[in-house]
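Just the heavy atoms: all of them, side chains too, but no hydrogens, waters or symmetry mates, feed the values below. Values in this document were obtained by computation on a predicted structure and should not be read as measured data. Counting begins at 1 with the first residue of the sequence.
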Amino acid sequence: TIVGGSTLVAFVVQNQFWKQYEQDTGKAKGVMVAAPKMPRITMIGLSLLILSGMSMMVITQGVFGAQLWFRVKMIVLLIIIINAVILSRNNGAMLKRLIAEDTKGKAMNPELTSAKWRTRIFYLIQLSLIVTIFVLSVFKFN
């Protein structure tokens with residue numbers, strides 16, 4: 001829930017940033033003050049998710065490990081982590097650089113527009129993977 005909530009909040013903050021960026025870059029930079037805290041909260045949630053999965057395996061003596069839904073859930077969790085580490089960091093660093101270099105303010109250059117869409121796609125992928133984990137946890141199929 002922490003992972004899903006913090007990812008959703010980060011997505012909303014990102015969308016608000018782009019709305020403000022097109023109107024007033026000063027306000028947009030103010031919106032982004034909250035953004036650096038989101039990945040830290042998400043990583044805490046991912047750590048708790050991994051810890052709870054390992055605890056569940058220890059408590060049940062590995063019963064869940066043999067079930068297909070749990071294996072798929074762990075693979076999806078691994079994809080979320082890889083996606084966050086690779087795509088999020090690359091997009092975030094590029095976005096910060098592009099915004100710092102943008103002297104025109106309201107004029108969106110193609111590289112900045114591309115970064116905007118890559119970031120949006122990243123969050124949509126993450127959110128859909130998180131929903132997949134919720135569905136797998138609720139409808140434990142074998």
Side-chain angles (χ1 to χ4, degrees), residues 1-60 62 64-142:
T1 305
I2 292 171
V3 175
S6 62
T7 302
L8 184 60
V9 168
F11 181 61
V12 169
V13 167
Q14 194 72 25
N15 285 337
Q16 187 63 33
F17 166 79
W18 287 112
K19 284 180 186 177
Q20 294 299 322
Y21 190 80
E22 293 171 2
Q23 297 170 3
D24 181 8
T25 56
K27 286 183 181 178
K29 290 179 183 176
V31 169
M32 287 307 285
V33 170
K37 294 178 181 10
M38 293 303 136
R40 189 173 308 140
I41 294 169
T42 304
M43 286 304 180
I44 290 170
L46 284 171
S47 299
L48 290 172
L49 191 59
I50 291 169
L51 183 64
S52 68
M54 290 175 13
S55 298
M56 192 165 50
M57 291 294 291
V58 169
I59 290 170
T60 63
F64 285 119
Q67 296 180 1
L68 180 62
W69 72 270
F70 191 79
R71 290 180 184 174
V72 173
K73 178 181 171 181
M74 289 298 121
I75 291 169
V76 172
L77 178 62
L78 191 67
I79 293 169
I80 287 173
I81 293 169
I82 291 169
N83 195 28
V85 169
I86 295 172
L87 294 179
S88 178
R89 287 189 181 169
N90 291 345
N91 284 341
M94 183 184 349
L95 189 59
K96 286 178 186 175
R97 180 184 57 82
L98 289 171
I99 290 170
E101 292 173 357
D102 187 22
T103 56
K104 298 172 189 157
K106 295 179 185 172
M108 293 279 282
N109 65 41
E111 197 175 15
L112 197 55
T113 303
S114 175
K116 172 184 174 180
W117 283 105
R118 275 195 308 275
T119 304
R120 184 169 284 161
I121 289 169
F122 162 76
Y123 280 115
L124 292 174
I125 289 170
Q126 289 293 82
L127 289 170
S128 60
L129 290 171
I130 291 166
V131 167
T132 301
I133 285 180
F134 282 138
V135 169
L136 287 170
S137 296
V138 172
F139 300 107
K140 298 173 176 119
F141 61 89
N142 288 324

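- Going from atom CD1 of Ile50 over to atom CG of Leu78 covers 8.5 Å, rounded to the nearest 0.5 Å.
- Partners of Thr60 under the side-chain hydrogen bond (donor to acceptor under 3.5 Å, both in side chains) rule, at least two apart in sequence or in another chain, do not exist in this structure.
- Distance check: Ile80 CD1 to Thr7 OG1 gives 7.5 Å after rounding to the nearest 0.5 Å.
- Counting heavy atoms from C-beta on, the side chains of Gln20 and Gln23 come closer than 4.5 Å.
- Here the straight-line distance linking atom CG of Leu136 with atom CG of Leu77 works out to 11.0 Å at 0.5 Å rounding.
- Arg120 has its side chain within reach of Asn15: a pair of non-hydrogen atoms, C-beta onward, lies under 4.5 Å apart.
- Here the straight-line distance linking atom CD of Gln67 with atom NZ of Lys73 works out to 11.5 Å at 0.5 Å rounding.
- What you find for Gly65 and Arg71 is that their closest heavy atoms are O-NE, 2.8 Å.
- Between Ser137 and Trp69, the shortest heavy-atom contact is CA-CZ3, 4.1 Å.
- A 4.5 Å side-chain heavy-atom check between Phe134 and Thr1 finds at least one atom pair inside the cut-off.
- Summarising the geometry, atom CD1 belonging to Ile2 is positioned 5.0 Å from atom CG belonging to Leu48; distances are rounded to the nearest 0.5 Å.
- The closest side-chain heavy-atom distance from Gln126 to Phe122 is below 4.5 Å.
- In this structure, the side chain of Ser6 engages the main chain of Val3 through a donor-acceptor pair within 3.5 Å.
- A heavy-atom distance below 4.5 Å is found between the side chains of Phe11 and Leu124.
- Considering only heavy atoms from C-beta on, Phe70 comes within 4.5 Å of Met57 through its side chain.
- The aromatic rings of Trp18 and Tyr21 lie perpendicular to each other, with more than 60° between the two planes, well past the 30° mark.
- Within the 4.5 Å cutoff, no side-chain heavy atoms of Leu8 are placed close to those of Ile130.
- The shortest distance between side-chain heavy atoms of Val72 and Thr132 does not fall below 4.5 Å.
- The line from CG of Leu51 to OG of Ser47 is 8.5 Å long, rounded to the nearest 0.5 Å.
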